Each structure stands twice: as C-alpha cells, then as structure tokens.
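Okay, structure first, notes after.
Here the structure is a predicted model, which means the values were calculated and not measured.
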Amino acid sequence: MSGLVLKLAPKERVLINGAVIENGDRRSRLAIMTPNANILRLRDAIHPEEVNTPVRRVCYIAQLVLSGDIDPEEARMQLLRGIEQLSQVLKDHDSRAQLNAATLAVIENQHYQALKALRTLLPREERLLAAGAS
C-alpha cells in the first residue's frame, strides 16, 4: 500500500493524529504510511460557528473524530443517525451514492473517507437552502 499522499501549499497546516503540522516556505508532498491515521487539512476544517446546517453538523462530527476530540465509537451512532436523516431528504442518485459511501466509511472506521463523501453534499445543500429561501 502506498499510503495517503498530501500535497501541501507553502505554510499550509494539517492536523495529523492530533498534531498540527505546518509546511515550510515551498510546496511539498508528504506520504502518510500509517494506516488509519487521522488527517484533516485545516483549510477544510469547519469551525464551530459554521455548524448551522444538517450536512455541516454531520461533517463536523466526523471532523471531531479526525481531530481526536471525540471517540470514534461515541461518534458512530451520531454519524449513522445523521446520515440516515440526510438520506430522508437528499434522495437523488448522486446524493444517495455519497451517503452510502459515507455510511460504509463510518462502519469501517474510515472517518476521513466519510468526511470526504459528506463534504461533496455541501454545495447541493447550499443550493437547496438558497432555493427554499426564495
């Protein structure tokens, strides 16, 4: 297995297993060889005050697992319930595929993959909320 390869911009920060790591002055690549390492690009992080929609809430729970702020077992049911609630509303084929991928990732304790799948739903949710506000 080749591991996860992170391509970092100058001064970009990433959280790996609870440690914040900042890149130097040049672009670089890091190969993460440890399976199941918890990794979060800080530029992609959702801040607590931004947790104001259903998809963002579920993403935030997955993010808390990656940051080490919540135990994966404690988060499992919250994540699965949140994904189930989203599946009651997001019924199109693409959303279903992402929700299924997120569910499988949670079951397999692959929280980075779950977050990645869930984040693809953010633009769709934003469009639906904007259309509902009109």
Using side-chain heavy atoms (C-beta onward) and a distance below 4.5 Å, is [X] in contact with [Y]?
X	Y	result
N109	E73	yes
R81	E84	no
P54	Q85	no
V65	L115	no

Distance check, rounded to the nearest 0.5 Å: [X] atom [atom1] versus [Y] atom [atom2]?
X	Y	atom1	atom2	result
L86	E125	CG	CD	7.5 Å
Y60	I46	OH	CD1	9.0 Å
I39	H111	CD1	NE2	14.0 Å
L79	I70	CG	CD1	8.0 Å
I21	L8	CD1	CG	9.0 Å
C59	L64	SG	CG	11.5 Å

Of all the heavy-atom pairs spanning [X] and [Y], show the shortest one and how long it is.
X	Y	result
D44	Q63	O-OE1, 4.4 Å
R76	V106	NH1-O, 3.8 Å
A75	I61	CB-CG2, 3.9 Å

Do [X] and [Y] sit in one hydrophobic cluster, given that two such residues count as connected whenever their side-chain heavy atoms are within less than 4.5 Å of each other, even indirectly?
X	Y	answer
V20	I16	no
Y112	V58	no
L40	L4	no
L30	L66	no

Worksheet entry | Contacts of T120 that satisfy side-chain contact (heavy atoms from CB on, under 4.5 Å) - sequence neighbours left out | Q98
Worksheet entry | P10: side-chain contact (heavy atoms from CB on, under 4.5 Å) partners, not counting sequence neighbours | R27
Practice prompt. Mind jotting down which residue pairs meet the side-chain hydrogen bond (donor to acceptor under 3.5 Å, both in side chains) criterion with at least one end in residues 9-25? Sequence neighbours excluded, please.
Written response: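 Listed once each, the pairs are K11-D25, E12-R41, E12-R43, R13-E22, N23-S28.
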With no hydrogens and no angle check, is any side-chain donor or acceptor of [X] less than 3.5 Å from a backbone partner on [Y]?
X	Y	answer
Q113	A105	no
T103	L99	yes
R124	L90	no

Worksheet item: Can you tell me if CD on E50 sees more than 12 non-hydrogen neighbours from other groups inside 6.0 Å?
Response: yes
